[in-house]
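The structure appears right after this line, and notes come after that.
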Amino acid sequence: MAHQPPDQDSLHGENAARRQAITELLFFASVGDLYRCKKIIHAWGLNIKDASCCDYDRRTPLHLSAAEGAFSVVLWLLDHGAEVNPIDRFKRTPLEDAVRGDHGDLATLLIQRGGKVLDKEGNLVELADSPLAGNVRIFTDYDPEWEIDPATIKQTEKIGEGEFGVVYKANWNGTIVAVKVLKETGAVALGDFRTELNVLQKVHHPHTVQFLGAVTKQTPFMIVTEYMVGGSLADLFRGASSAARGQRFPSMWRSIQLALDMARGLAYLHNRSPQAVIHRDLSLRSVLLSTQTNPHPALPLSPLIPATTPGRCDPQKPANLMIGGPKVFTEAHKFICREETGVLKIADFGLSKSLKLTKPKRHNRDSATNTPDNSVMNGRANSTHTPKGGLGASVHSATEHDAKATQSYKLTGETGSYRYMAPEVFRHEPYNNKVDVYSFAMICFQLFEGLPPYWNMDPIEAARAAALKGLRPTWGATNKHDQVVPARLKRLVETCWSADYESRPEFVEVIEELEQVIKEVKMELPETGKRPTSPKLTPGVASAEDGPCCSVQ
Ligand SMILES: Nc1ncnc2c1ncn2[C@@H]1O[C@H](COP(=O)(O)OP(=O)(O)OP(=O)(O)O)[C@@H](O)[C@H]1O
């Protein structure tokens, strides 16, 4: 369907030829052939800003490309000055066409460029203010059964803020929940939001934050999850270094329990089938606590945990602790039962990567795990996944957003990911799920040592030294809180931050080791200096699975 150059001698004359060129332009715009669109515009000197560049129904190239979901053509037209809200004979704008065509990404793009729709009175209005908003499906993988009516959410107080969202404590039909409200609808923010939504609706585990629903049919977009009273580990550390915030540093036993929770959540994510999840942005801010840990001694202690819930420990009723559990409680047991409760859960999945596993399970030690660890993603290239050696799973190609996220691994400065970032990511080399093992090691260092990794260095400088000079954090004889970090624990953490990612263990192995280590750790009252008489906890007295005192939600 090549165009004919202007022919002055044509029977129809130049005007008719020009009309023919516009018709062709409209056709190529609708089929998304940007190359031919550009050629026609150039050959005929067409001006896409010109109101006459349309058909008899006043349908412009932007209308047709938006209606058919031709993203590159829409983007090019907008970048070259096409009017964003031309109105056709049917009183439709390109945005309305995109919405009716179910092209969520295009609708978002048009909204970003000022796209509007016509209301009944013929006024241009925001899509969110139009009944059409209910038709937008920007979140194509999203199960609409999760949709929440925003009217049922009563925001109470702001509890945190990330790069793209503000997090509120809210009341949703009588339940206290956390609501992340998207601050903007730019492509990157929306990409993170979409990724987080898609991962959250699929992951269900005691150590991943529980998703309750989302608002996606109107702005502001929201994600609703369970409310984690203890906030993030970052909040815990901030609180521990400031008496006024009323928290104190966890005991060694408790820190190992938190590391176990984290490892269990990550083992689940890495071994999910058919789609494993790599978190890729683990830091103190992305792990949340279900209760506040260790109120400061200056503050009144919280009431005892009710004994009525099965599985919860009750110092008053030793037999309830667990079958075969200890009948005599030390001060430390009571303290831990009373104060060191609550689980840790993985959150903040905005940069996560879902990997489809295509090969049979890889056998790892004795346990079969279906992991993406042999699948390597390239931090530089466009969603390149290189299955290595045919041993394990291979990874299907990612979305464009995923590729961008991979390229621009999100860095959130001092409180963000730099200190926890795997060296191969910093060096923009191929990487795999072991980036999470490395970040886990850095978080563990902080948990056990009481200081951020490379605490005396600027975060970027630290990441650079770790990536380029092999620098790693150093342990003290005792930690910041005069606790002794068991040598076995240090060795485990060091293996997890190995320079060679193949040498880093799988999380199932980390769990096995932590379960052994925790058996050798005494329950001690943190920071009080009081050494409880609690003997070493012996296997059989307490299950390694649950610890001597069950972790309660
Ligand atoms: N479910 C929740 N319960 C309690 N507090 C939460 C919850 N989710 C988030 N928060 C708090 O809000 C803060 C901001 O959360 P957000 O998910 O935006 O993550 P972030 O990692 O801080 O930011 P970013 O999105 O830039 O990665 C958290 O650090 C935490 O203190």
Side-chain angles (χ1 to χ4, degrees), residues 148 153 155-172 175-201 203-214 220-240 242 245-247 261-262 265 278-293 342-353 401 405 408-421 425 436 439 442-443 446 452 459 553:
I148 283 179
I153 301 171
Q155 285 167 15
T156 51
E157 62 185 276
K158 181 176 163 181
I159 50 175
E161 183 162 0
E163 199 181 342
F164 302 125
V166 179
V167 182
Y168 295 91
K169 182 176 172 183
N171 185 319
W172 174 55
T175 302
I176 299 299
V177 294
V179 181
K180 187 189 256 189
V181 180
L182 199 66
K183 285 193 271 195
E184 39 161 314
T185 48
V188 181
L190 210 58
D192 267 22
F193 185 87
R194 193 190 294 129
T195 305
E196 179 145 39
L197 191 58
N198 288 341
V199 173
L200 274 174
Q201 67 175 339
V203 299
H204 306 287
H205 187 268
H207 298 297
T208 56
V209 76
Q210 192 180 353
F211 175 61
L212 297 169
F221 299 133
M222 302 180 199
I223 288 181
V224 182
T225 60
E226 66 180 307
Y227 174 56
M228 300 289 283
V229 180
S232 68
L233 264 192
D235 298 329
L236 173 70
F237 277 95
R238 264 197 302 275
S242 144
R245 293 175 70 99
Q247 299 211 43
D261 284 359
M262 201 180 349
I278 304 180
H279 189 288
R280 304 199 303 184
D281 194 27
L282 282 174
S283 72
L284 294 189
R285 291 163 67 98
S286 45
V287 282
L288 302 175
L289 297 161
S290 69
T291 59
Q292 212 180 29
T293 306
V343 290
L344 177 149
K345 300 194 184 196
I346 313 285
D348 200 8
F349 291 97
L351 276 190
S352 301
K353 180 92 188 63
H401 163 69
S408 57
Y409 202 84
K410 190 169 59 182
L411 306 168
T412 46
E414 177 56 56
T415 52
S417 337
Y418 277 111
R419 291 182 193 281
Y420 311 89
M421 178 185 287
V425 176
D436 287 348
S439 304
M442 291 298 149
I443 296 171
Q446 192 154 353
Q553 294 189 52

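Each ligand, and each atom within it, is numbered from 1 in the order the structure gives.
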Determine whether [X] and [Y] make a side-chain contact, defined as any pair of heavy atoms from C-beta on separated by less than 4.5 Å.
X      : Y      : value
Arg419 : Ser283 : no
Val166 : Lys183 : yes
Leu282 : Ile443 : yes
Phe211 : Thr208 : no

For ligand 1, the portion of Val229 having any non-hydrogen atom under 4.0 Å away: neither

Is ligand 1 under 4.0 Å from a heavy atom in the side chain of Glu226, in the backbone, in both, or in neither? backbone

Options Val287, Asp235, Val167, ranked by nearest heavy atom to atom 30 (C) of ligand 1, top entry: Asp235

Looking at [X], which atoms of ligand 1 are within less than 4.0 Å of one of its heavy atoms?
X      : answer
Gly162 : 18 (O), 23 (O), 24 (P), 25 (O), 26 (O)
Tyr227 : 3 (N), 4 (C)
Leu288 : 1 (N), 2 (C), 7 (C), 8 (N)
Thr225 : 1 (N)
Ala178 : 1 (N), 2 (C), 3 (N)

Based purely on interatomic distance, does Arg285 place a nitrogen or oxygen under 3.5 Å from a nitrogen or oxygen of ligand 1? yes

Any N or O of Met228 closer than 3.5 Å to N or O of ligand 1: yes

Would you please name every residue forming a side-chain hydrogen bond (donor to acceptor under 3.5 Å, both in side chains) with Gln155, sequence neighbours left out? none

The side-chain hydrogen bond (donor to acceptor under 3.5 Å, both in side chains) partners of Gln446 (sequence neighbours excluded) come to Tyr420

Residue pair Leu197, Ile223: steps toward the side-chain contact (heavy atoms from CB on, under 4.5 Å) verdict: CA-CA 7 Å; Leu197 191 58; Ile223 288 181; 4.1 Å; yes

